[in-house]
Amino acid sequence: MSGTSKSPWIIHYDGSSCNGCDIEVLACLTPMYDVERFGVINTGNPKHADVFLITGAVNERNIGVVKQIYSQMLEPKVVVACGACACSGGIFHDCYNVIGGVDKAIPVDVYVPGCAVRPEALIDAVVAGLGALEEKRAALELASSYEAKELAKAAEQERLAEAASQPLLEEPAKTEEQTDIDINADEEPGE
Amino acid sequence: MVMIKYIAALAFIVLGPFIGAIVQGIDRKITARMQGRVGPPILQPIYDVKKLFAKEDATVNGVMDFYIILALFFAVFAGVIFFMGGNLLLAIFVLTLSTLFVIVAAYSARSPYSDLGAEREALQVMCYEPFMVLMPVAMFLVYGSFEVATTVDIAMPLIVYMPLIFISLIFILTIKLRKSPFDLSTSHHAHQELVKGMTTEMSGKTFAAFEIMEWYETVLFFGLIGMFFVSSAWWSWLVAIGAIIVCYLLEIIIDNNFARVKWQTTLKWSWAITLLLFVANIAILSFI
Ligand code: SF4
């Protein structure tokens, strides 16, 4: 049991979307759909977010931004590509500056089709993302568990032992320049 | 009698965060209903904090964690002093110390957002601190003691002597609870704005500790409200609980109906209103 799947906080980034999908993302927060029922909060802060919603394709200008937001989010995190553009580039796919779908920049967990995506589809996607989120959390827990730590320790010791059995590297011989340096070179000669 | 003090302190430490969390959950629910939404479950704040604890460990720097833990510790300490019936002035100073540690933690991140939040929080401290220090002074003038426990021994509740100061307290609590129109340093509702301020750089366990600190603070503020209503009569406790509920509902309504104001306005209003009411209250007291 964990709170992870009960409080997915979202960060929404608009790539090169036409704003159609963004309007639908925001529609999810309105009284009509009210995703806060499921504990979803639209944070504007990658450090607080668990789910990364991207609308629009990745292009030459925003690929860095997308990667940075992703790297600032803490594990466990999932990425949801919202709309045709975010999935594959959509109608913008052959624009000169468009690289393609979001998966060209960062790993995507859930693809939501639609142009524009329907709010219902988005809610479904976040729920699907929760499954991935839960899996990642379990993996993270395992990685920090006692056994994993013991295994890592054993591997580290083996590596150290191996390193110790290797002959030490010989000290590099001093070059002429180094031996010739006169410590008092800067000082004025005494009178 | 001595036992009761320790039980109250223990109850605060153990039950405090739960009460704070549920109050916050109810707050979010009522807020959602006021906006025509269904709203999250009442236990949502607890789910949130549990989620935050399961997040990866990563902080901007180790110092920030340390400051936030200290802030949490002093918030609890202030509550323990208060609920043991100790010195009100001391409890308020320790509570301020806790807030100062949050400010230093926010500054330590060196990010423009959290710097701005920290600055605004410092301004907020400036807004409410004069009153928070004067309130125990007024209590001393009435009871001749700074001890919170005195309120339980005397037949007349504080509200009878200090009605204007109580109004100031409600005004100040809006700032202290970080509610709109005074949610300058960090806001509970505006998630995508600059006003996430102080907490911008906090993540995972650090942010969870900050949330828990807010729960403790909320309960302590309830104590402050209740203090004005309890007297030696047993039923005064029921009145106190009723007053706390009414005051908190009022805070929620204020929170949802007012737009955020600038810090200049906050400073002007808080000093003008609280100090004027304080002086008026003291003047009336001296004539009676
Ligand atoms: S998928 Fe359609 S609606 Fe969404 S951003 Fe692309 S073009 Fe706009």
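Reminder, nothing fancy here: chain letters follow the sequence lines and each chain counts from 1.
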State, to 0.1 Å, how close [X] and [Y] come at their nearest heavy-atom pair, and which atoms those are.
X: Ile41(A); Y: Asp48(B); value: CD1-OD2, 4.5 Å
X: Pro76(A); Y: Ala54(B); value: CD-O, 4.1 Å
X: Ala49(A); Y: Lys55(B); value: O-NZ, 3.4 Å
X: Thr199(B); Y: Asn45(A); value: O-ND2, 4.3 Å

- Measure from the side-chain N and O atoms of Gln44(B) to the backbone N and O of Arg37(A), and report whether any donor-acceptor pair falls under 3.5 Å. no
- Message: When you measure from the side chain of Lys51(B) to the backbone of Ser7(A), do you find a donor-acceptor pair of N or O atoms at a distance under 3.5 Å?
- Response: yes
Are more than 12 heavy atoms from other residues, nucleotides or ligands located less than 6.0 Å from atom [atom1] of [X]?
X: Phe66(B); atom1: CZ; value: no
X: Phe77(B); atom1: CZ; value: no
X: Glu158(A); atom1: CD; value: no
X: Tyr67(B); atom1: OH; value: no

- Could you walk me through whether Lys50(B) and Lys6(A) pass the side-chain contact (heavy atoms from CB on, under 4.5 Å) check? CA-CA 9 Å; Lys50(B) 231 164 88 187; Lys6(A) 278 182 178 159; 6.0 Å; no
Straight-line distance of [X] [atom1] to [Y] [atom2], nearest 0.5 Å:
X: Lys47(A); Y: Ser114(B); atom1: NZ; atom2: OG; value: 8.5 Å
X: Thr30(A); Y: Arg37(B); atom1: OG1; atom2: CZ; value: 9.5 Å
X: Met73(A); Y: Glu56(B); atom1: CE; atom2: CD; value: 11.0 Å

- Heavy-atom pairs under 4.5 Å with chain A are the metric here; pick the option from Ser203(B), Pro40(B), Gly204(B) that has the most.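 Heavy-atom pairs under 4.5 Å are most numerous for Pro40(B).
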- Task: Mind telling me whether Phe207(B) and Trp9(A) have parallel, tilted or perpendicular rings, with 30° and 60° as the class edges?
- Result: perpendicular
- Which atoms of Ala138(A) come close to chain B, meaning under 4.5 Å heavy atom to heavy atom: side chain ones, backbone ones, both, or neither?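 Interface part for Ala138(A): neither.
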